[in-house]
Number of protein chains: 2
Amino acid sequence: MLEKQDEHILVQLQKEGRTTNQQLAEDVGMSTSACWRRVRALEEAGVITGYSALVNREQAGFATSAILHVSLERHDAKFVDEFVSRVTERAEVLECFATTGDADYHLRVVVRDMKAYNAFLDEFMFRLPGIRYVRTNVILKEIKTSVALPF
Amino acid sequence: MLEKQDEHILVQLQKEGRTTNQQLAEDVGMSTSACWRRVRALEEAGVITGYSALVNREQAGFATSAILHVSLERHDAKFVDEFVSRVTERAEVLECFATTGDADYHLRVVVRDMKAYNAFLDEFMFRLPGIRYVRTNVILKEIKTSVALPF
DNA sequence: CTCCTGTTGGTAATTTTTACCAGATATAGC
DNA sequence: GCTATATCTGGTAAAAATTACCAACAGGAG
């Protein structure tokens with residue numbers, strides 16, 4: 001179970017992933033060594049899975065993104081596993097969730113432009129075996145994209 | 001426009017957000033000072049918007065998450081702006097996108113348990129003005145959650 | 001050619017990380 | 001209540017990284 005101090009550390013590191021250990025220790029009210037040890041423990045326990053730079057999608061040249069609703073014809077392990085592994089290895093698919101509701105899966109896909117999105121559908125999605133349907137919901141505007149859990 | 005070296009830096013920093021500048025410089029084949037200056041420039045230009053620790057959702061105690069399809073009754077600026085600002089400030093809403101398709105918005109919401117999700121709906125979503133419908137798609141499994149743009 | 005602009009690599013002072021220590025605190029058994 | 005054990009703490013110092021500054025270098029424009 002996470003202690004109050006751990007949560008405090010996680011809140012800070014989600015906000016400022018490259019803050020110095022000194023600053024972090026000050027923020028959470030600990031010595032640098034105690035703080036450093038806790039961070040290490042959180043990393044080793046797999047609570048912190050990594051660190052990432054957050055990059056502005058548009059400035060980086062990725063103008064197009066969409067949310068896809070996908071359903072499979074059949075739900076045998078064979079088809080599901082194939083779908084999962086193929087989708088996981090495609091870098092354009094940032095997120096994929098198995099969900100309740102009409103669609104089996106929700107995917108978020110990011111590409112440079114519509115041409116690339118079309119190619120993604122034609123050359124990848126539509127060729128996956130056992131797909132019932134793929135419905136594209138083009139993202140008109142990103143209202144919010146956060147990676148910070150709501151402690 | 002981003003140069004090849006900048007992309008290389010971004011790829012690395014998306015993967016290892018806390019890598020040392022020395023390691024990064026070595027990876028992209030530059031001196032530490034040149035590399036450091038480029039990283040700084042990317043940050044100041046807003047290409048890198050920040051850094052974040054990635055935290056394991058379940059280990060951190062957030063067992064429940066869902067994708068919501070939301071539509072508004074009316075699309076006057078008044079209702080839209082209200083919706084956008086209220087949603088943006090709710091920490092449980094990690095993502096919100098305006099999309100084409102049946103629903104006006106796709107939201108991803110993360111909470112500790114179903115009780116908290118029910119409270120989120122009752123006390124927040126259902127009280128927003130001008131909502132036509134909110135459809136909950138509970139996330140059964142996270143197949144993939146990446147934050148790295150597909151350079 | 002020569003100036004100009006922007007970039008590069010090297011260097012060194014400053015800051016940060018990180019391993020180790022001894023002391024404090026808490027817990028369980030008796 | 002008391003002791004033994006384990007776990008945590010803060011401080012310290014060596015090692016490592018950051019970051020500002022410098023002179024040198026390349027590529028274009030006139």
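Remember, predicted model here, so these are calculated numbers, not experimental data. Labels below follow one simple rule: chain letters A, B, ... track the order of the sequence lines, proteins then strands, and each chain is numbered from 1.
- C:dT7 atom P lies 11 Å from atom CD of B:Q5, rounded to whole Å.
- Nucleotides of DNA chain D lying under 4.0 Å from heavy atoms of chain B occupy a range whose first and last members, 5' to 3', are D:dA17 to D:dA20.
- Per the geometry, CD belonging to B:E3 stands 13 Å off P belonging to C:dG6, to the nearest Å.
- Among pairs with a residue in residues 13-26 of chain A, those fulfilling side-chain hydrogen bond (donor to acceptor under 3.5 Å, both in side chains) read A:Q23-A:D27, at least two apart in sequence or across chains.
- Taking five base pairs at each end of the helix from C:dC1-D:dG30 to C:dC30-D:dG1 and finding the rotation axis that steps the C1' atoms of four pairs onto the next four gives two axes whose angle is 30°, to the nearest 10°.
- A salt bridge (charged side-chain N to carboxylate O under 4.0 Å, His left out) check over residues 122-132 of chain A, counting only residues at least two apart or in different chains, returns nothing.
- Partners of A:Y51 under the ring-ring contact (aromatic ring centres under 6.0 Å, His included) rule, at least two apart in sequence or in another chain, do not exist in this structure.
- Residue pairs satisfying the ring pair (Phe, Tyr, Trp, His ring centres under 6.0 Å) criterion with at least one member in residues 6-29 of chain B, sequence neighbours excluded, are absent.
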Quick one: which protein N/O atoms are closer than 3.5 Å to N/O atoms of nucleotides 17-24 of chain C? Pair and distance per line, please.
{"unit_1": "C:dT17", "atom_1": "OP1", "unit_2": "A:N21", "atom_2": "N", "d": "2.9"}
{"unit_1": "C:dT17", "atom_1": "OP2", "unit_2": "A:N21", "atom_2": "N", "d": "2.8"}
{"unit_1": "C:dT17", "atom_1": "OP2", "unit_2": "A:Q22", "atom_2": "N", "d": "3.2"}
{"unit_1": "C:dT18", "atom_1": "OP2", "unit_2": "A:W36", "atom_2": "NE1", "d": "3.1"}

Would you mind writing out the side-chain donor-acceptor pairs for residues 139-151 of chain A within the sub-3.5 Å range, not counting sequence neighbours?
{"unit_1": "A:E142", "atom_1": "OE2", "unit_2": "A:R57", "atom_2": "NE", "d": "2.6"}
{"unit_1": "A:E142", "atom_1": "OE2", "unit_2": "A:R57", "atom_2": "NH2", "d": "3.4"}
{"unit_1": "A:K144", "atom_1": "NZ", "unit_2": "B:T88", "atom_2": "O", "d": "2.8"}
{"unit_1": "A:K144", "atom_1": "NZ", "unit_2": "B:R90", "atom_2": "O", "d": "2.9"}
{"unit_1": "A:K144", "atom_1": "NZ", "unit_2": "B:V93", "atom_2": "O", "d": "3.0"}
{"unit_1": "A:S146", "atom_1": "OG", "unit_2": "A:A148", "atom_2": "N", "d": "3.0"}

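- Under the rule for a ring-ring contact (aromatic ring centres under 6.0 Å, His included), the partners of A:Y105 that lie at least two apart in sequence or sit in another chain are A:F83.
- The salt bridge (charged side-chain N to carboxylate O under 4.0 Å, His left out) analysis of residues 103-118 of chain B, with sequence neighbours excluded, yields the pairs A:E7-B:R112, A:E95-B:R108, B:E95-B:R108.
- Applying the side-chain hydrogen bond (donor to acceptor under 3.5 Å, both in side chains) test to A:Q5 and every residue at least two apart in sequence or in another chain returns A:R38.
- Under the salt bridge (charged side-chain N to carboxylate O under 4.0 Å, His left out) criterion, A:D102 pairs with no residue at all, not counting sequence neighbours.
- Between B:R86 and B:F124, the closest heavy-atom pair is O-CZ, 3.5 Å.
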